[in-house]
Trainee: 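Structure in structure tokens, see below.
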There are 2 protein chains.
Amino acid sequence: MRFEQLHLFATILSCGSFAAAGRLLHLSQPSITASLNVLEAEVGQRLLERTPGQRRPVRPTAAGEIFATFARKALADYRGMLSAVTLSSDAPQTPVRIGVTPTPGSSLLPVLTNKFREENPTLTVQVKTFRGTELARRLKEGEFDLGVTGTRPQDDGIVFERFFYDPLVLIAPVRMGLSGPITLRELKRLPLIVRDASGNLMRLLIQALNRVGLSLAQMNVVMQVSGNNDVLSSVTLGAGVGFVARSLLAANRENHDIMVVPVRRLQVARYVYMLRRESSSFTGGMRLFWEYAMGTEWREHVFSYNTMML
Amino acid sequence: MRFEQLHLFATILSCGSFAAAGRLLHLSQPSITASLNVLEAEVGQRLLERTPGQRRPVRPTAAGEIFATFARKALADYRGMLSAVTLSSDAPQTPVRIGVTPTPGSSLLPVLTNKFREENPTLTVQVKTFRGTELARRLKEGEFDLGVTGTRPQDDGIVFERFFYDPLVLIAPVRMGLSGPITLRELKRLPLIVRDASGNLMRLLIQALNRVGLSLAQMNVVMQVSGNNDVLSSVTLGAGVGFVARSLLAANRENHDIMVVPVRRLQVARYVYMLRRESSSFTGGMRLFWEYAMGTEWREHVFSYNTMML
DNA sequence: GTCTGTTACGGCGCACGTAACAATT
DNA sequence: AATTGTTACGTGCGCCGTAACAGAC
């Protein structure tokens, strides 16, 4: 029995389906099925009533209920132990210094670090924003300990792990009256607000357009702004439509003036990575933050949608 | 993180050394080292102060203390969950029927079943003793659900797992005045009490003697009895020396009239196996008993020596 | 010599991904 | 058509064993 299995089980329950849990945990559906099967074999009882096809959430059996409470308690104990053990020996608590690129820095990091601080009040977390080109260099120079960016780093000497799926979505003012998925043809005619071409997001957008036979020049670009939040506010004010990271929306979800508009055939996938120097070992705080970010607790409520594409 | 690792860690602590834990858990020393290394890497802290060579027990670090309490609690919770889940669904509790050969039946099973009943008062356990030749057949015929024997079964259709190391040891009356390890030459002259040649233990003894160039005919056999307890009582009464399963001694450890006498170069290793039909699935009680027997809790206090040879 | 724990190396099983499928909405 | 869960199959990593080693009694 592994704690990962407990985590998996708890995730399936809170997600309501194997598939959603798989997306959240970066696992394929078949892996979920297989893992749950071995778990049930190990326990000797069926734990979940599957509901293939039907959109109803999976329901735990009687044994599954017992197991669920056990799993949640064991996971909480585990996190408590990890925290206690880490804090026990690392007597002079070094602060966790985090470097981040603008996009995750304006959406993900605020949520993540706030939740982390709530659960670890004795630790200090410092966040500083850099442009993507500088991030890896400054990380290697030791200016900070952990990096968060949407670009996969090339440098060796840096190890990284994917921990968040954060695609670009098209947002439009509600009063524009768009409904349902629109076609690429319709997209071309909409007034588009974009960021400066130097950033990672714009590069991804252009690539995605190219894949479906479009270029930025063919679009009806009406405005160019400098940051994600600028796109968001411009769209909110009704100036046009624009692409932003989905996480940015979730972090500002009280906004009722805008809506997400799917575009047929156009998908701008994007992952967020956490980086650290290969050479430097974890300090206690670093380890806790890393584990916390990889986990799913902090995503709940704010980023409660499925966090990864298939 | 796996519960097996927690179990390993707890076992190392209670045993006091890697090697002893390895013997108890049927693992090699290098595996213990490796497993503990990955555990410590996972936790991010050194958990045990090693004491190579020195006979002092290994000591947990500060982090190790925290981890130990976590491990013990988690394991207890796990067992509780397993028990609750098993009992939840198996409404009509079928009794666990166990068949056993004479030797383990007179030493191991009484201890094991008593402890098991204490922890699972709602379950009923029925033990019946058979000769080795009948055990497998009756198991396959469904006369009982689990078998316990010192002979490795050949039949297919039966799956088994080794769960106890129970070598033969030479016992002698204290008043005989033997001390320290004796030689094979000295053994040949001692008055020896043996069992009937049909049993598994005698076969093992003869094999072991053959390996060091001796045969039973060369020994000074003064008495032949029919069971293990008969050997024990005869030796206790001072009639001679004899070989008995070590577990039998442990189960009767208040006996101060006899002593164990090591014999140089002579080792009669012997394992005890638990059997079940391959086809039949576990019932709840079966599963609990199987898991309990494989575990180490019931061995403490009574069988507190190392339970497995290298 | 006997016990401890470590390192190096090889094999085998387990866990995961991909692909193709069935079933429900 | 889209989604959910299942089965079949290939692959890579991790666990464990064996062997050889170093250090403390």
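Heavy atoms only: backbone and side chains are in, while hydrogens, waters and symmetry mates are out.
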Trainee: Evaluate A:Thr11 against A:Ser14 for side-chain hydrogen bond (donor to acceptor under 3.5 Å, both in side chains), listing each step before the verdict.
Mentor: CA-CA 5 Å; A:Thr11 307; A:Ser14 72; 5.4 Å; no

Trainee: Can A:Arg50 and A:Glu40 be counted as an ion pair, charged N to O under 4.0 angstrom?
Mentor: yes

Trainee: Measure from the side-chain heavy atoms of B:Ser31 and tell me the nearest of C:dG17, D:dC16, C:dT6.
Mentor: D:dC16

Trainee: Hey, does B:Ser28 reach any base, or is it just sugar-phosphate, or nothing, if we go heavy atoms under 4.0 Å?
Mentor: base

Trainee: Can you confirm whether A:Leu184 sits close enough to A:Leu266 that some side-chain heavy atom of one is under 4.5 Å from a side-chain heavy atom of the other?
Mentor: yes

Trainee: Name all pairs fulfilling the salt bridge (Lys or Arg N to Asp or Glu O under 4.0 Å) condition that reach into residues 29-38 of chain B, sequence neighbours left out, sorted by first residue then second.
Mentor: none

Trainee: Verify the contact: side-chain N or O of B:Arg50 to OP1 or OP2 of D:dA24, cut-off strictly under 4.0 Å; return yes or no.
Mentor: no

Trainee: Name the pairs: protein N/O against N/O of nucleotides 10-14 of chain D, kept only if under 3.5 Å.
Mentor:
none

Trainee: Using whole Å, what does the distance between atom C1' of nucleotide D:dC16 and atom CG of B:Leu36 come to?
Mentor: 15 Å

Trainee: List the steps, then state whether side-chain hydrogen bond (donor to acceptor under 3.5 Å, both in side chains) holds for A:Ser31 with A:Ser28.
Mentor: CA-CA 5 Å; A:Ser31 289; A:Ser28 66; 3.2 Å; yes

Trainee: Counting side-chain heavy atoms from CB outward, which of D:dT4, C:dG5, D:dC15 is closest to A:Gln29?
Mentor: D:dT4

Trainee: Rounded to whole Å, how long is the line connecting atom CZ of A:Arg46 with atom P of D:dG5?
Mentor: 12 Å

Trainee: Apply salt bridge (Lys or Arg N to Asp or Glu O under 4.0 Å) to residues A:Asp166 and A:Arg270 and explain how you reach the verdict.
Mentor: CA-CA 5 Å; A:Asp166 195 18; A:Arg270 176 170 163 273; 3.3 Å; yes

Trainee: Tell me: CG of A:Leu27 to C1' of D:dT4, nearest whole Å?
Mentor: 16 Å

Trainee: Can you measure A:Phe18 atom CZ to C:dG17 atom C1' for me and round it to whole angstrom units?
Mentor: 18 Å

Trainee: Return the value, rounded to whole Å, for the distance between atom CZ of A:Arg264 and atom C1' of D:dA2.
Mentor: 12 Å

Trainee: Does the ring centre of A:Tyr273 sit less than 6.0 Å away from the ring centre of A:Phe163?
Mentor: no

Trainee: Using the 3.5 Å cut-off, write out each protein N or O paired with an N or O of nucleotides 19-25 of chain C and the distance between them.
Mentor:
none

Trainee: Starting at atom CZ of A:Arg23, determine the distance to atom C1' of C:dG17, rounded to an integer number of angstrom.
Mentor: 17 Å

Trainee: Looking at C:dG17, C:dG5, D:dT4, which one has an atom nearest to any side-chain atom of A:Ser17?
Mentor: D:dT4

Trainee: What's the CG-P distance between B:Leu48 and C:dT4, to the nearest Å?
Mentor: 15 Å

Trainee: Between D:dT4 atom P and A:Leu24 atom CG, what is the distance in whole Å?
Mentor: 14 Å

Trainee: On a heavy-atom basis, which atom in B:Gly22 and which in B:Ile32 lie closest, and how many Å separate them?
Mentor: CA-CD1, 3.6 Å

Trainee: Which is true for A:Thr33 with a 4.0 Å heavy-atom rule: it touches a base, it touches only sugar-phosphate, or it touches nothing?
Mentor: base

Trainee: Report yes or no: is the cationic atom of B:Arg162 (NZ for Lys, CZ for Arg) under 6.0 Å from the centre of the six-membered ring of B:Tyr271, at an angle within 45° of the ring normal?
Mentor: yes

